[in-house]
Amino acid sequence: MSLDREDDPDARTYEFADFTLLKRMTLYLLKYRRSFLGVVILTAVNISVTIYAPFILQHAIDVDFAGGNVSALLVTSLFYVALLSVTWVTAYGQEYLMAVMGQGAVYDIRQDLYDQLQRMGEDFYDQSSSGRVISRITNDVDRMSELLGGELISTFAQIFIVFGIGVVIFTVDFTLALASLSIVPILLLTTVYFRKRLREAYRSTRKTISSVTANYAESISGAKVTKSFARERISAERFRELNKADYDANVQAGGSQAMFFPVIRLISGMGIAVILFVGGMLYLGGSATLGTIVLFVQFNDRFFRPILTIANFYTSVQSAFAGAERVFTIIDQEPVVVDSPDARPIGEIEGHIHFDNVTFGYREGPLVLEDFDLEIPAGQSIALVGDTGAGKTTVVSLLNRFYDVKRGSGAVRIDGIDIRDVTQKSLHSNIGLVLQDPFLFQGTIKDNVKYARPDATDEEILHATEVIGARRIFESLDEGFDTKVGERGGRLSEGERQLVSFARALLADPKILVLDEATSSIDVYTEHAIQKGMKALLEGRTSIVIAHRLSTIVNADRIVVIEKGKIVESGRHADLMAKEGKYFSLYELQIRPRAMRSAT
């Protein structure tokens, strides 16, 4: 599944029914059963007090005031304060436990999503930009957070309050109850109208701030390019347009919000006016008491406030459902490459590799490898060369099981074992991979070298860098091995980053080592510095080296030339040069211009 498509932040794909999404989110909440039970109890108490409290006022007015009993009035007043205290305590406990439950659910969802992303294969990331993936684990989970953090339970509580008050007021006075509810249709229509406007307004703000953020990130990443082409003014103008669009969208949303609540308060006030008028007529006619009128005024506020909460719930729940769909779609997605049910650890290996008549293509695209047969004895160092797109990187991707060869289309074997029959973890622990663009994590040089073996000692780290000729280079930096590498290793040169990845691979001490164009970004000085370490790095290991810089692989035990997914030549450097075939052409094309430049 690809995530790389422009999508509305609130768009629904309806891959899941609403009930299914609600059930799955609720199941995350129910993991915290004690908190859930506590919320249910506290909510029940809070609802009961909310509905009962107005009757205390009615009693004070109709009984205590009329009877002139000061002691009784004091008791009633203290009882009312006690009820308010109970409301405060239950509301606090309710909100706290809902926060514990909600944030726990969000934590679990985000962790499940992250764990799933760790399981996903290269095919998933090939089709999905990092920005979209990050959006799933941040923005989409955050949309669920509001709902899970209390709004879901709170809304159900408000429904019970509305239902309870609706039943109670009809038992007190049928005529006043009808009068109180007469403006409910007006309130609902107004709420629906404004919520639609607000939903569109805030959807617009999410789109505009997304554009601002994307432009910001792009501008920072491409700052050097912007400066080199003197595009600062044009870039600033573009950002100003996006920023102004975000400003306008937020002002419009603020205007709608500013109008919504005063209108609702006006309608609520109209409800009180109706109660006062109808209640006053009944009072004058002797069919209602003053306390009853006050009771209905109190219920008016308690009745309409939950209706607003319930009306707002629809908008937030749709946004949460949109985020939940995106999250659960990934969580439910089965990775293309998975361990078979009877997979076993590969154990200790010698490193004999055999691509046994492998035929492979990416998805529905053309075949990249066709009847590809390559055998690499344990301990042998081979180099794969060929034009871009010949299939070199595909070979090492299949060896690492980043993709799987379909059954019946050949097999990749290590020591005669089909790698599809072993666990991925045990396979990867035996293969060291150094990429063309080495990835470094935030931290120091030492931290990044130790990533291969967290339990490695300082002596082992120094030895690894010594072997590849990098120790002196690292020690010459201002803070030596404690130098902070910055984001993605940005504080180091390309060559220094690559040396860190070399040391990391060596420290892991794998039986099989893959260098995927690992020296293409290293300058000539750094290349010379590591030449003496390359022999030690490859010694005793089965190694596959992919290199565009052919000067780095002339000493390989065997050079394999690939063209359109097939092996066209194989042998040592001298033998291939003598044949004057494909390898000879590639070598001459690369080396002769360099020699001519050196001569001039």
Side-chain angles (χ1 to χ4, degrees), residues 22 25-61 63-64 72-108 144-172 177 180 261 264-265 268 271-272 291-292 294-314 316-317 320:
L22 192 60
M25 287 192 283
T26 303
L27 287 175
Y28 275 99
L29 289 174
L30 291 176
K31 288 183 179 180
Y32 302 88
R33 288 183 174 83
R34 290 183 179 179
S35 295
F36 185 80
L37 181 61
V39 168
V40 170
I41 294 171
L42 291 172
T43 300
V45 173
N46 194 279
I47 291 173
S48 300
V49 172
T50 299
I51 294 175
Y52 181 68
F55 285 101
I56 304 300
L57 297 178
Q58 182 191 32
H59 176 83
I61 294 170
V63 178
D64 296 338
L73 183 60
L74 178 61
V75 171
T76 302
S77 301
L78 291 175
F79 184 59
Y80 187 74
V81 171
L83 281 180
L84 291 180
S85 300
V86 171
T87 303
W88 181 86
V89 171
T90 54
Y92 170 78
Q94 181 184 354
E95 290 291 330
Y96 177 77
L97 291 178
M98 284 195 298
V100 169
M101 257 195 324
Q103 291 309 309
V106 169
Y107 170 87
D108 292 335
M144 302 167 67
S145 176
E146 237 180 81
L147 196 65
L148 294 169
E151 194 167 328
L152 183 62
I153 297 174
S154 179
T155 300
F156 281 114
Q158 303 306 317
I159 293 173
F160 281 110
I161 289 175
V162 169
F163 179 77
I165 290 176
V167 171
V168 167
I169 59 177
F170 275 102
T171 63
V172 175
S180 297
F261 287 105
I264 295 303
R265 281 195 292 270
S268 179
I272 294 175
T292 301
V294 173
L295 175 74
F296 272 86
V297 169
Q298 287 283 308
F299 275 140
N300 179 79
D301 181 59
R302 285 167 167 75
F303 185 83
F304 288 114
R305 200 183 305 161
I307 289 179
L308 289 178
T309 303
I310 296 167
N312 291 338
F313 176 72
Y314 176 78
S316 60
V317 81

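FYI, side chains are in, hydrogens and waters are out, and symmetry mates aren't considered; it's all heavy atoms of this structure.
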inquiry  = Any non-hydrogen side-chain atom of L57 less than 4.5 Å from a side-chain atom of L295?
reply    = no
Does the ring centre of F303 sit less than 6.0 Å away from the ring centre of F163?
-> no
- Query: Where do Q58 and T292 land on the side-chain contact (heavy atoms from CB on, under 4.5 Å) test, with the steps shown first?
  - Reply: CA-CA 6 Å; Q58 182 191 32; T292 301; 3.1 Å; yes
Quiz item: Given side chains that start at C-beta, do those of T43 and F156 come closer than 4.5 Å, heavy atoms only?
Solution: no
On a heavy-atom basis, the closest approach of Q103 and S145 is NE2-OG, 3.6 Å
Rounded to the nearest 0.5 Å, the CD atom of E95 sits from the OG1 atom of T90 at a distance of 10.0 Å
OH (Y92) and CG (N46) are apart, to the nearest 0.5 Å, by 15.0 Å
Correct closest heavy-atom pair for P54 and Q298 would be CB-CB, 3.8 Å
Minimal heavy-atom distance between L73 and A60, with the atoms involved, is CD1-CB, 4.3 Å
Taken to the nearest 0.5 Å, the spacing of S35 OG from L29 CG works out to 10.0 Å
Treating R302 as the side-chain partner and T50 as the backbone partner, does any N or O pair qualify as donor plus acceptor under 3.5 Å? yes
Would you indicate whether the side-chain heavy atoms of H59 and D64 approach each other to under 4.5 Å? yes
query: Below 4.5 Å, heavy atoms only, C-beta onward: do I272 and F296 meet side chain to side chain?
result: no
- Query: Is the shortest heavy-atom distance from the side chain of L84 to the side chain of F79 under 4.5 Å?
  - Reply: no
* Is there side-chain contact between Q158 and I161, with heavy atoms separated by less than 4.5 Å? -> yes
Q.
Between D108 and Y32, does the side-chain contact (heavy atoms from CB on, under 4.5 Å) criterion hold? Intermediate values first, please.
A. CA-CA 11 Å; D108 292 335; Y32 302 88; 2.8 Å; yes
Output for pair (M101 CE, L148 CG), nearest 0.5 Å, gives 9.5 Å
Between the CD atom in Q94 and the CD1 atom in I41, the distance rounded to the nearest 0.5 Å is 12.0 Å
- Query: Above 12 or not: heavy atoms from other molecules or residues under 6.0 Å from OH of Y96?
  - Reply: no
To the nearest 0.5 Å, atom CZ of F36 lies from atom OG1 of T26 at 8.0 Å
In short, G93 meets L42 closest at the heavy-atom pair C-CD1, 3.5 Å
Just so I know, are the side chains of Y28 and Y107 near enough to count as touching, which here means a heavy-atom distance under 4.5 Å?
no
- List the steps, then state whether ring-ring contact (aromatic ring centres under 6.0 Å, His included) holds for Y52 with Y80. CA-CA 10 Å; Y52 181 68; Y80 187 74; 10.0 Å; no
Discussion item. Run N300 and S180 through side-chain hydrogen bond (donor to acceptor under 3.5 Å, both in side chains) and show every step you take.
Written reply: CA-CA 7 Å; N300 179 79; S180 297; 5.8 Å; no
